[in-house]
Each structure stands twice: as structure tokens, then as C-alpha cells.
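All remarks here apply to the structure that follows.
The chains referred to below are lettered A, B, ... by the order of the sequence lines, with proteins before strands, and numbering in each begins at 1.
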Amino acid sequence: AFVKHGGSLVDDTKPIDEHSMPYFLIVIYDEITIQNWRTIDTTLSKKKFYQSLKAFNERQSANKVAFIQSLWLSECLKQKKYVQISSYELKADSDNNKQEDLKECTKRKNSDENVDNLKKPKISEQELMNDKKRIVKYQEEYKSDSDSSYCDDESTMGLSNKDFFELQLYSKSTNESWTCAHSSKEQTENLNEHITDKLEKMLTIYENKNEKYRALGYQKAILILKRHPKQIQSKEEALALPGIGKRIADKIWEILQTGDLRKLDEMSSREDTNSLKLFTDIHGVGPTTAHLFLTQGYRTLEDLKTKANLTRQQKIGLKYYDEFKQRIPRDEVSKIENKVKCAALSLKHGLIVQACGSYRRGQATCGDVDILITHPDRKSHKGIFTRLLNLLHEQNFLTDDLVVQEENCDNQCKYLGVCRLDEANSLHRRIDIIVVPYDEYACALLYFTGSTHFNRSMRHLARKLGLSLCEKSINKNVRRKGVEKVNTGERLV
DNA sequence: AGGCAGCGCAC
DNA sequence: GTGCGC
DNA sequence: GCCT
């Protein structure tokens, strides 16, 4: 499905509809299946509206294209069934004004015809094609993901169309942007790289300086900019985006004007900033420890190795410093997943072994490997954890342990460690293995697939709906007194 | 002015 | 209790 | 940092 938030089709002329009702553009392949749809900004001009309609109908000759009032959607949701669209359809010849527009559009099209097809500046059409390409590309990638356990992922990979509808509507009505309501399919290339590059540097600097929440602000802003479908041209344009306030808008303006960010140059030229970054890149070293090392006079990794007293984790982090910084190609993650899967299945039939994290989000490379394990019979996951780790150690697959976290044996078990495939030139990789009871599988899968920001957005949405979401369950009727939960409520999932 | 999640582990 | 990573 |  196409889902496009308003904004990209904004026109300076008058809105097509006074009572600010969003329209959906629907491509219908037959009477029942709605294959492609997207929301159209309410401020879309009449002209563009009918240009799009016409363009779509010409391009997709086999399919019918129509503009449908969003009211139709509400009805479908209310009645929990497909409602005939006919009475909600906006027909091109439904009134005089609109017909004129259509004629005008046709006329212009005819005169343009033999000039250059590509020259037709039909934004929506172009966007449609881009979206289509993206979807096809995504589907191919998804299919090539040849793993056996993949088919049952369809339902959990994303939300259903209906859920998207609801979230989109909700998002529209509250004028908020929910990351969790955006399909990963709609990702476009980053047109504001010149800005986000610099902001990302600011982000890591603040992270390393222990300014967690300032960094969080940068993170949100960067994500919004990357998702923005066009190049930011002015400060006002930036300021209008959710998650971008005055301070960052000012920085964007400076980058736009001068191509540089004085604050960034100043900060990154300071010697301590670089040492801080050097140290926090060690697994187990955070901002506080990095700063401590700095005050102790250490400047290089060699200093740490010889002089500093390090925790067990930090020693491992240092040992594999260069290897952990390397991204892991998808196919290697796939091999690692398979390795663990084979080991697990040799212990117990029917175990579900699934790599999550960025791998499951379809990224080309990953920072680490998250593997989630459960058993559908609701009991066989018990006792697997320790035996599996032992086996993988025996196979010399696991080389170092960072944390072995064993809650009660029937609950979640989490392992953080290091692994290496038995192949020439294989690097040591960070791996997390989590065993969960089947009841918690859904939430665990959601949580460990992320992204972090997606999870934040989901939690926030849950809270807003009177629910609470964590890696184990989703609860309702949660009463809070400040941060303290008075009532954990009842479990939904 | 206060929230931006909340947990278990190492130390 | 704090720092850290998830 | 931003948002409510």
C-alpha cells in the first residue's frame, strides 16, 4: 500500500475542500481488493487533484483509480467490512468547476503530448512510480530472504493495512508524527544529507558528553530530516517539521548559509572530544568512564591497555576494538542465525530461532546480531538456554561472554557475548541470544526488532492509549502515579 | 517545569 | 548506588 | 535537544 503523509503535495493554491477532510487516492484492481492507496494532502489544489486522477488512469489502464473521501474509510472500520465506494467517490464530472479543471488539464496535456513525456511535472505520478519501484524492490529483497521461518513473519513484520489506516488517521487527528505508523517501505533517499551529516556529528558528541536527552532531541530531528521528501531550503521550512525547534532550525540555517556549523567545528577540534569518542567506542565504556579515563590522563587505547584498570567487559571490548566497529553484512548474519538454529534444533525439535534487530528490518549491514528463541509448545524453551550456550561454546562459536542473564529458568534468558564463524577471515561479532516463553514471543519480537526509535514511538503511543508496552507484554488499565505504577493492569498480549 | 522506558547485570 | 547496554 |  502507498501511504503518504500530507506535505509532499502541498500546493499554494486553494484547497479542494473547505471542511478539511483528507482524501485517499485508491487504486482498485478489482471490486474487492484495494491494492494501492495513499493519502493526499488536504491542501492539494483542484488542478493537481484532477491532473493526478487523469495521470493515474492513463498510466494504470487496467486498473481503476479513484479519489475516495476518508469518510469511507471510517465507515469500513466502523462496520468492520468493505463498504461500497460508489457514494464516497469524487467523480471528475461531479460538478462544473471540476470539469473545467479537467478539461483544462486535458487540453494542456494534448498540447504537451509530443514534446516530452518526462517533462510533465506531475508530482504525484512521479511519486507513485517511485513508490512502486520501492515496493517492488522491497518485495524482491524480502523474498530473497530465503529463510524458512519467514512466512509467518508477514503478520508481525508490519501492521496490517487497517492498522495503518487507523494509525494514519489517529496521527492526522492529533497532528503528531508516529514513527511506528510509518512503513519501512516508504523510506526515501536522504535529500538532506548535507545537514544530517553535521547534526549526526553533534549527536555523537553530545552522547559522549553524557547529555543523553539533548542527544535524543538531535536524534529525532535527524530522523525527521532524513525522512523529509525534499531538500530543506529555509529555516521556516525546517521549523515547521515536528521535532525541529528553534535551536536546531538555527543550526540548519547556518549550514544552509555557510555550509558549515561553527559550533561543530569548534567542538570537534577540541582534543578531548576525540579521545572521548575513542574511548566510548569500547564496549562497556560509556560517557562517564570515558571522562574518568580522560581525567586520569589517558589519551590512547595503549594507555588503557597498560595502565587503566578495566572491567572484564571493557577488556573484551578493547580486545576486539577494531572488529566490533566493522559492520556485519546481511548474509553473514544469516549464516550466524543458521549456525545457532542448527545447534538449537539439535537440542530440541520445533524451536523457533529468529534473527531480529536491523537484520529483520532489512538493513544491508548490521552492527550486531540479535537472536530470539522460543518454542510454540509453551514449555520446551525451558532449560534450553544453558545447554545451547554450552554447545555453542564447545563448537568454539562463542568466544567470549559479556553477560549471562538468567532470570527464572522459565522466563526470559538473555546472553550477550561474542561469536565467530569458522571461516577464513571471519571477524569476531557481537551476538545477543534471548530465550523467551512463547507467550512473550510477540512482544519480544517487536522489541528486539526495533528500531530503538520505533520502540520509543510505540511505547509512547501505547501510553497515550492507556496501555503499557514492554518487551514481555502489553497491558491495559495501567494507572500511574507519576512514574510509579499503581496498577499493572491486565495483560492483553 | 518535567518527561523523554525501564530492566538486570557488573562493579 | 552508579554505569552500561539492551 | 524538543514537546506538552
Side-chain angles (χ1 to χ4, degrees), chain A residues 174-179 199-200 202-225 238-252 263 279-293 309-317 324 356-358 367-372 401-408 411-417 430-434 436 443-444 446-464 467-475 478 480 482-485 488:
Chain A
T174 56
N175 199 24
E176 288 177 66
S177 65
W178 296 97
T179 287
L199 294 185
E200 256 163 1
M202 294 291 285
L203 165 68
T204 37
I205 290 175
Y206 281 125
E207 271 176 351
N208 297 338
K209 283 185 73 174
N210 220 354
E211 303 201 33
K212 190 180 163 188
Y213 291 117
R214 190 194 299 270
L216 189 67
Y218 274 88
Q219 248 178 36
K220 282 199 78 174
I222 290 167
L223 216 82
I224 285 288
L225 287 172
L239 204 49
L241 297 173
I244 294 183
K246 189 180 177 308
R247 310 285 300 274
I248 288 190
D250 282 339
K251 290 183 175 63
I252 291 175
K263 180 107 177 173
F279 293 158
T280 51
D281 277 345
I282 303 169
H283 182 100
V285 178
T288 309
T289 315
H291 187 258
L292 176 68
F293 288 155
N309 59 327
L310 304 167
T311 67
R312 206 177 54 82
Q313 293 199 25
Q314 289 160 355
K315 282 175 193 158
I316 297 171
F324 285 174
C356 306
S358 41
D368 66 355
V369 185
D370 306 291
I371 294 182
L372 188 60
D401 303 332
L402 292 163
V403 181
V404 180
Q405 172 183 337
E406 212 165 346
E407 277 182 45
N408 302 319
N411 269 337
Q412 285 205 357
C413 304
K414 182 148 61 175
Y415 169 85
L416 314 182
R430 278 279 299 107
I431 184 170
D432 302 344
I433 298 176
I434 304 108
V436 301
C443 290
L446 182 70
Y447 176 83
F448 289 108
T449 299
S451 65
T452 306
H453 185 260
F454 177 93
N455 286 346
R456 280 197 186 109
S457 183
M458 280 287 276
R459 283 196 298 264
H460 190 57
L461 177 58
R463 185 185 276 241
K464 211 142 190 160
L467 306 171
S468 106
L469 173 68
C470 68
E471 68 203 85
K472 297 179 179 173
S473 61
I474 173 163
N475 292 4
V478 183
R480 283 191 174 83
V483 287
E484 186 190 0
K485 279 187 204 165
T488 52

Expected rows: protein N/O vs nucleotides 8-11 of chain B N/O, under 3.5 Å:
unit_1, atom_1, unit_2, atom_2, d
B/dC11, OP1, A/Arg312, N, 3.1

Contacts of [X] that satisfy side-chain hydrogen bond (donor to acceptor under 3.5 Å, both in side chains) - sequence neighbours left out:
X        : result
A/Thr449 : A/Arg360
A/Asn208 : A/Thr280
A/Gln405 : none
A/Ser473 : A/Asn475

NA contact type, [X], heavy-atom cut-off 4.0 Å: base, sugar-phosphate, or nothing?
X        : result
A/Tyr447 : base
A/Asp370 : nothing
A/Lys246 : sugar-phosphate
A/Leu216 : base
A/Tyr218 : sugar-phosphate

For A/Thr288, side chain to side chain contact (heavy atoms under 4.5 Å, CB included) partners two or more places apart: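 Listed in chain order: A/Asn210.
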Set of residues satisfying side chain to side chain contact (heavy atoms under 4.5 Å, CB included) with respect to A/Leu402, sequence neighbours excluded: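 By the side chain to side chain contact (heavy atoms under 4.5 Å, CB included) rule, A/Leu402 matches A/His283, A/Gln313, A/Ile316, A/Leu416, A/Arg430.
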Taking N or O atoms only and anything under 3.5 Å, show me the protein contacts with nucleotides 1-4 of chain C, one pair per line.
unit_1, atom_1, unit_2, atom_2, d
C/dG3, O3', A/Thr289, OG1, 3.3
C/dC4, OP1, A/Gly286, N, 2.7
C/dC4, OP1, A/Gly286, O, 3.1
C/dC4, OP1, A/Thr289, N, 2.9
C/dC4, OP1, A/Thr289, OG1, 2.4
C/dC4, OP2, A/Thr288, N, 3.2
C/dC4, OP2, A/Thr288, OG1, 3.2
C/dC4, O5', A/Gly286, N, 3.4

Test ring-ring contact (aromatic ring centres under 6.0 Å, His included) applied to A/Tyr415 - qualifying residues, sequence neighbours left out: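 Checked A/Tyr415 against ring-ring contact (aromatic ring centres under 6.0 Å, His included); zero matches.
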Provide the distance between the two P atoms, one in C/dC6 and one in B/dG3, to the nearest whole Å.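 Pairwise P distance, C/dC6 against B/dG3, rounds to 27 Å.
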Suppose you measure atom P in B/dC7 against the same atom in D/dC2; what distance do you get, rounded to whole Å?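 Looking at atom P only, B/dC7 and D/dC2 are 29 Å apart.
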Nearest to the side chain of A/Arg459 - C/dC6, B/dA5, D/dC2?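 For the A/Arg459 side chain, the nearest candidate turns out to be B/dA5.
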Is the phosphate of C/dC6, meaning OP1 or OP2, less than 4.0 Å from a side-chain N or O of A/Arg456?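 Checking C/dC6 against A/Arg456, no side-chain N or O comes under 4.0 Å of OP1 or OP2.
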Distance below 4.0 Å between A/Arg430 side-chain N/O and C/dG5 OP1 or OP2: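 Checking C/dG5 against A/Arg430, no side-chain N or O comes under 4.0 Å of OP1 or OP2.
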